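One structure is given here, and the rest of the page talks about it.
So you know, we letter chains A, B, ... as the sequences are listed, proteins then strands, and number each from 1. This one's a predicted model, so the numbers in the text were calculated from it and none came from an experiment.
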Amino acid sequence: MASLKFELQHNCSTTKARAGKITTDHGEILTPIFMPVGTVGSVKAVTQQQLENDVKAQIILGNTYHLYLRPGLETLEAAGGLHRFMGWNGPILTDSGGFQVFSLSGTRKISEEGAVFQSHIDGSKHLFSPEIVMDIQRIIGGDIMMAFDECPPGGSEYNYAKTSMELTHRWLDRCVNRFTKIEDRYGHSQNLFPIVQGGVHHDLRKISCECISSKDLPGNAIGGLSVGEPTEKMYEICELCCDHLPTDKPRYLMGVGTPWNILECISLGVDMFDCVMPTRNGRNAMLFTSNGVINIDNKKWEKDFSPIDDGIDCEISNHYSKAYLRHLVKSKEILGLQIASIHNLAFYQHIVTQSRKEIFGGNFSLWKSQMSARWQQRL
RNA sequence: UCCUCCUUAGCUCAGUUGGUUAGAGCAUCUGACUGUUAAUCAGAGGGUCAUCCGUUCAAGUCGGAUAGGGGGAG
């Protein structure tokens, strides 16, 4: 089956930003794009209809580790894959569990073979090898599958970062080997993206970019950033990676970030983003808006009946007031979590949609610097 | 009119046989959150212990008076 296509549509004249189009068997994705995170087959507090109609999401994420533990492969396979199981007809990208090597570092052990995780649900132990991770992702059925990597902490010194990167590269060979031996599932194309590692060390990152580029896979990801290193370091490494990855394939910066992080990284040449921040921080009362950051918990919004955000194209954000949302959040009403999550995701979608327009329009650079300052204000 | 109980943070309440700097929950405010083990976590501010007089080395705590409130009897 034909792999996904990437068409580079426009290069920004003043920055390295670009606009493009990814075509998958579940539809097109206009880049730059933000992908809402739906770890367990659910973008927390948001229905698939809301993702499509209110957020206008073009692709969402699932997670190998979490979906493997629950609902489990038998259910996913019987359902005909994650798309059908969750009723989402757009593209899906599945993360490999590599991030859980980092985030669940207390309950896993790494070896050459793979990583053994102890389930956070029942304590049972499970081996995630590159081969097993490919098999699982085939069964989940995502349009884009991620290679199994080790994501080391941001502060990792050179020797650890090097050893870890080399392991990730050996795992990548095994991923590619297994991936190419198994057919696509459920009648649509599945595509493998490799992941750059190397910590904050320039020479390692260069080596890693060359290594993963040589696999000639349909897209490339930058991993191991926003895991504790300073923001400036993240930008620096992100730029270096973009400069050393192919221009004719989408570049995916994993796990980033704040609205201003995304603007900055778009300007460095990133095409795809994902982050839990809009949903998680939304559930924790932090709203990202076109005028700045709001803590909707604050009493100052008690009688502010203006829309949550009338500067973006989202009925939910335009319709409900700050005062009403604050009331819901203070009352711990489930609807508060929903509205906050939908709004933040719609705002993130606004960021990338508008970036795309500005790239085509030639004003991206100026617009970016204005918006970056504005969006960071605390209201 | 009498009897009885109560009064401690913005709110609802803990405070031992008197003994370091009077606590909690909620509320208020501030942080954090970046390929989700998180509708979570961390922290701050806020009290003339109703008022006054006494007992005592020492009173939120014991005694008395006053004020306000609850309940009961006439």
Under-4.0 Å salt bridge between A/Glu183 and A/Arg138: no
Determine the contact category for A/Lys330: base if any of its heavy atoms lies under 4.0 Å from a base atom, sugar-phosphate if only primed atoms, P, OP1 or OP2 are that close, otherwise nothing. sugar-phosphate
Looking only at B/rU34, B/rA32, B/rU36, the nucleotide nearest the A/Cys275 side chain is B/rU34
Validation row, ring centre A/His201 to ring centre A/Tyr158 under 6.0 Å: yes
Is any NZ, NE, NH1 or NH2 atom of the basic residue among A/Lys56 and A/Glu52 found under 4.0 Å from an Asp or Glu carboxylate oxygen of the other? no
Just checking A/Met146: base, sugar-phosphate only, or nothing, at a heavy-atom cut-off of under 4.0 Å? nothing
Nearest to side-chain heavy atoms of A/Arg378, which nucleotide of B/rG35, B/rA32, B/rU34: B/rA32
B/rG25 - base-pair partner by Watson-Crick or wobble geometry, distances under 3.5 Å: B/rC11
For A/Ile60 and B/rU36, what is the distance between atoms CD1 and C1' respectively, to the nearest whole Å? 14 Å
Can you tell me if A/Arg326 touches the phosphate of B/rU28, counting only side-chain N or O atoms and a distance under 4.0 Å to OP1 or OP2? yes
Write down the distance separating the C1' atoms in B/rC62 and B/rC2, rounded off to the nearest Å. 25 Å
Is there a side-chain contact between A/Asn284 and the phosphate of B/rA38, meaning an N or O under 4.0 Å from OP1 or OP2? no
Which part of the nucleic acid does A/Gly224 contact within heavy-atom distance under 4.0 Å: base, sugar-phosphate only, or nothing? base
Rounded to the nearest Å, what distance is computed from the CG atom of residue A/Asn298 to the P atom of nucleotide B/rU30? 4 Å
For the pair made of CG in A/Leu253 and C1' in B/rG35, what is the distance, rounded to whole Å? 9 Å
Would you please indicate yes or no on a ring centroid separation below 6.0 angstrom for A/Phe273 and A/Tyr252? no
Under 6.0 Å from the six-membered ring centre of A/Phe128 and within 45° of its axis: does the NZ or CZ of A/Arg108 meet both? no
Strand partner of B/rU66, provided both Watson-Crick or wobble distances fall under 3.5 Å: B/rA50
Under 4.0 Å, counting only non-hydrogen atoms across every strand here, what does A/Leu61 touch: a base, just sugar-phosphate, or nothing? sugar-phosphate
Determine the Euclidean distance between corresponding C1' atoms of B/rU17 and B/rA32; express it in Å to zero decimal places. 46 Å
Ion pair present between A/Lys215 and A/Asp173, side-chain N to carboxylate O less than 4.0 angstrom? yes
Tell me what A/Gln338 touches on the nucleic acid: a base, only sugar-phosphate, or nothing, going by heavy atoms under 4.0 Å. nothing
B/rC33 C1' sits how many Å from A/Trp260 CH2, rounded? 12 Å
Quantified in whole Å, what is the P atom distance between nucleotide B/rG15 and nucleotide B/rC33? 41 Å
B/rU7 and B/rU61, which share atom name P, separated by this distance in whole Å: 11 Å
Testing B/rU36, B/rG35, B/rG31 for proximity to the side chain of A/Asp274, the answer is B/rG35
Just to confirm, is there a sub-4.0 Å distance from OP1 or OP2 of B/rU34 to any side-chain nitrogen or oxygen of A/Arg280? yes
Under a 3.5 Å cut-off for both contacts, is B/rG18 paired Watson-Crick or G-U wobble with anything, and if yes, with which nucleotide? none
Any donor-acceptor pair under 3.5 Å joining the side chain of A/Asp149 to the base of B/rG35? yes
Assigned partner base of B/rG35, Watson-Crick or wobble definition, under 3.5 Å: none
Starting from P on B/rU36, measure out to CG on A/Leu69 and report it in whole angstrom. 13 Å
Which of B/rU34, B/rA39, B/rU37 is nearest the side chain of A/His66? It is B/rU37
Considering only B/rU37, B/rU34, B/rU40, which nucleotide approaches the side chain of A/Lys332 most closely? B/rU40
Taking only side-chain N and O atoms of A/Ser103, does any of them lie within less than 4.0 angstrom of OP1 or OP2 on B/rU37? yes
Separation between the P atoms of B/rG10 and B/rC6, rounded to whole Å: 23 Å
Take the protein atom NZ of A/Lys299 and the nucleotide atom P of B/rA27, then report the distance between them rounded to whole Å. 11 Å
Quick check: on RNA chain B, is the nucleotide nearest A/Asn281 upstream (toward 5') of the one nearest A/Tyr65, or the reverse? Name the residue that is more 5'. A/Asn281
With P as the reference atom in both, quote the distance from B/rA22 to B/rA9 in angstrom, rounded to an integer. 14 Å
Please tell me whether A/Phe102 and A/Phe99 form a close aromatic pair, meaning their ring centres lie under 6.0 Å apart. yes
How far, in whole Å, is B/rG43 from B/rA24 if one measures between their P atoms? 12 Å
Within the pair A/Gln100 and B/rG35, is there a side-chain N or O less than 4.0 Å away from OP1 or OP2? no
Presence of salt bridge, A/Arg205 and A/Glu210, under 4.0 angstrom: no
Just to confirm, is there a sub-4.0 Å distance from OP1 or OP2 of B/rU34 to any side-chain nitrogen or oxygen of A/Ser226? no
To the nearest angstrom, how far is A/Met254 atom CE from B/rU36 atom C1'? 13 Å
When you compare B/rU28 with B/rG47, how far apart are their C1' atoms, in angstrom units rounded to a whole number? 16 Å
Quick one: look up who B/rA59 pairs with, Watson-Crick or G-U, both distances under 3.5 Å, and put none if it's unpaired. none
Atom CZ of A/Phe102 and atom P of B/rC33: how far apart are they, to the nearest Å? 12 Å
Want to settle it: does A/Phe99 or A/Lys300 sit nearer the 5' end of RNA chain B, counting the closest nucleotide to each? A/Lys300
